[in-house]
Amino acid sequence: MQRIKLRQAGWLDRWQSLSGAILAGFLFIHLHLESSILLGKDAFYKVARMLEAGFLDPSGHGYPSVIVVFGLGLFAVLMVHAIAAIRRFPTKYKQWKILKEFSKTVPQRETNLWQLQLVSGFVLFFLVPVHLLGIVMNPGSIDPNLSAFRIVEQGFGFLYMALLPVAVIHALIGVYRLAMKWFGDKLPREKIFKGATVVTCWLILLGTTSLIVWYYTGITSLPTPLTPYSPL
């Protein structure tokens with residue numbers, strides 16, 4: 001029985017690592033694609049059509065159903081990650097007490113990072129599904145005008161303000177811990193930590209700048225009545 005439990009724990013750890021790496025990679029790519037708004041509406045429009053496989057559509061508009069399929073796949077990976085990770089959550093007072101005592105035996109930074117990842121993961125459990133549901137339910141809204149309207153007029157900007165730092169911090173702590181697990185014997189701990197810190201700061205800066213531009217776009221250049229963006 002003990003051997004079976006150890007085997008299950010090993011499989012869950014592998015699935016957690018793999019799904020976490022996939023989600024972190026997606027976040028990195030997503031924030032850079034989203035930042036195309038910094039280059040203007042035309043740039044974001046072209047990126048959105050590319051993601052919807054517009055190159056396969058004679059009209060060039062693409063297929064929003066592609067976003068639905070991708071979003072559902074991402075949600076499945078998220079569920080695998082959450083199920084594999086939830087076993088690490090202390091659920092009883094005794095477990096919290098043991099964790100507190102154990103934290104005194106490991107470096108303070110490592111303890112703080114683990115606790116921060118625990119709390120941020122709990123917050124993401126509620127924030128990410130809201131974001132994904134909004135995209136999957138309305139895939140055609142990935143458009144310069146409609147996205148700006150959603151952020152400014154529908155209040156989704158507040159969700160993204162909270163989601164951005166929490167998601168980036170959670171993901172990069174995870175990447176740091178994976179790097180320590182896979183390359184800790186080849187790379188210095190400080191070098192891995194500094195690299196993760198630089199990427200964290202870059203992604204938060206990039207995402208924040210993009211969000212500011214989205215607000216500016218939504219306040220200054222939305223058509224009345226609201227219509228999807230059409231390049232000149």
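Just so you know, residue 1 is the first one in the sequence shown, and it goes up from there.
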task: Supply the members, apart from Val66, of the Ile/Leu/Val/Met/Phe/Trp/Tyr cluster built from side-chain contacts under 4.5 Å; use none for a lone residue.
output: Phe55, Leu56, Tyr63

message: Using 0.5 Å steps for rounding, measure from the CZ atom of Phe158 to the CG atom of Leu211.
response: 10.0 Å

task: Would you confirm whether Asp143, through its side chain, and Tyr229, through its main-chain N or O, come within 3.5 Å as a donor-acceptor pair?
output: yes

message: By the salt bridge (Lys or Arg N to Asp or Glu O under 4.0 Å) test, which pairs, at least two apart or in different chains, include something from residues 52-77?
response: Arg49-Glu52

- request: Write down the atom of Ala21, the atom of Leu178, and the distance for their closest heavy-atom approach.
  value: CB-CD1, 4.2 Å

- line: Across all chains, not counting sequence neighbours, the side-chain contact (heavy atoms from CB on, under 4.5 Å) partners of Leu39 are Ala43

Hydrophobic cluster identity match, Met137 and Leu74, side-chain contacts under 4.5 Å: no

task: Mind checking side-chain hydrogen bond (donor to acceptor under 3.5 Å, both in side chains) for Asn145 and listing every partner two or more places apart, or none if nothing turns up?
output: Lys41

Contacts of type ring-ring contact (aromatic ring centres under 6.0 Å, His included), residue Tyr215, not counting sequence neighbours: none

message: So, using side-chain contact (heavy atoms from CB on, under 4.5 Å) as the criterion, who are the partners of Ile192 when residues are at least two apart?
response: Tyr176, Ala179, Met180, Leu187

task: Report yes if the side chains of Glu110 and Gln115 come closer than 4.5 Å at any heavy-atom pair, otherwise no.
output: no

- request: Determine whether Gln154 and Leu146 make a side-chain contact, defined as any pair of heavy atoms from C-beta on separated by less than 4.5 Å.
  value: no

- prompt: If you look at every heavy atom in Pro139 and Pro64, which pair is closest and at what distance?
  reply: CB-O, 3.4 Å

query: Do Val168 and Ile212 belong together in a cluster built from hydrophobic side chains that touch within less than 4.5 Å?
result: no

query: Val69, Met79: one ILVMFWY side-chain cluster at the under-4.5 Å cut-off?
result: no

query: Looking only at heavy atoms, what is the nearest atom pair of Gly218 and Val152, with distance?
result: CA-CG2, 3.7 Å

field: Partners passing side-chain contact (heavy atoms from CB on, under 4.5 Å) against Val128 (at least two apart in sequence or in another chain)
entry: Leu78, Leu124, Leu132, Leu163

message: Could you work out, with ring-ring contact (aromatic ring centres under 6.0 Å, His included) as the rule, every residue matching Phe126, not counting sequence neighbours?
response: Phe122

- request: Report yes if the side chains of Phe26 and Phe70 come closer than 4.5 Å at any heavy-atom pair, otherwise no.
  value: yes

- prompt: Would you say Trp182 and Leu172 are hydrophobically clustered, going by side-chain heavy atoms of ILVMFWY under 4.5 Å?
  reply: yes

task: Give the C-alpha distance, both sets of side-chain angles, the deciding distance and a yes or no for side chain to side chain contact (heavy atoms under 4.5 Å, CB included) between Phe75 and Leu133.
output: CA-CA 9 Å; Phe75 185 75; Leu133 186 63; over 6 Å; no

- request: Determine yes or no for a side-chain-to-main-chain donor-acceptor pair under 3.5 angstrom, with Ser147 supplying the side chain and Ser141 the backbone.
  value: yes

- line: The salt bridge (charged side-chain N to carboxylate O under 4.0 Å, His left out) partners of Glu34 (sequence neighbours excluded) come to none

message: Determine whether His131 and Ile135 satisfy the following criterion, side chain to side chain contact (heavy atoms under 4.5 Å, CB included), listing intermediate values before the conclusion.
response: CA-CA 7 Å; His131 177 43; Ile135 298 300; 4.0 Å; yes

query: Stepwise, does the side chain to side chain contact (heavy atoms under 4.5 Å, CB included) test hold for Gln117 with Arg177?
result: CA-CA 10 Å; Gln117 191 177 34; Arg177 296 178 67 191; 2.7 Å; yes

Contacts of type salt bridge (charged side-chain N to carboxylate O under 4.0 Å, His left out), residue Arg150, not counting sequence neighbours: none

- prompt: Shared ILVMFWY cluster between Met161 and Val123, side chains joined below 4.5 angstrom?
  reply: yes

query: Has the side chain of His170 got a donor or acceptor atom that lies under 3.5 Å from a matching backbone atom of Ser120?
result: no

Nearest atoms (heavy-atom pairs only) where Ile37 meets Ser210: CG2-O, 4.1 Å

field: Set of ring-ring contact (aromatic ring centres under 6.0 Å, His included) partners for Phe149, sequence neighbours left out
entry: none

Atom pair CD1/CD1 of Ile219 and Ile151 - distance to nearest 0.5 Å: 11.0 Å

- prompt: Below 4.5 Å, heavy atoms only, C-beta onward: do Trp202 and His32 meet side chain to side chain?
  reply: yes

- prompt: Roughly how far, to the nearest 0.5 Å, is CD1 of Ile173 from CG of Leu113?
  reply: 5.0 Å

query: Taking side chain as C-beta onward, heavy atoms only, is Val136 less than 4.5 Å from Ile67?
result: no

message: Against Trp15, only a single residue in Asp13, Leu18, Leu12 fulfils side chain to side chain contact (heavy atoms under 4.5 Å, CB included); can you say which?
response: Leu18

Closest contact, heavy atoms only, Pro231 versus Asp42: CB-OD1, 3.6 Å

task: Please identify each residue that fulfils side-chain contact (heavy atoms from CB on, under 4.5 Å) with Val77, with sequence neighbours left out.
output: Ser19, Ile22, Leu23

- prompt: If you take all heavy atoms of Ala167 and Leu27, which pair is closest and at what distance?
  reply: O-CD2, 3.6 Å

field: Stepwise side chain to side chain contact (heavy atoms under 4.5 Å, CB included) check, Leu164 with Leu203
entry: CA-CA 9 Å; Leu164 172 65; Leu203 292 180; 6.0 Å; no

- request: Starting at CG of Leu33, measure out to CD1 of Ile142 and round the result to the nearest 0.5 Å.
  value: 10.5 Å

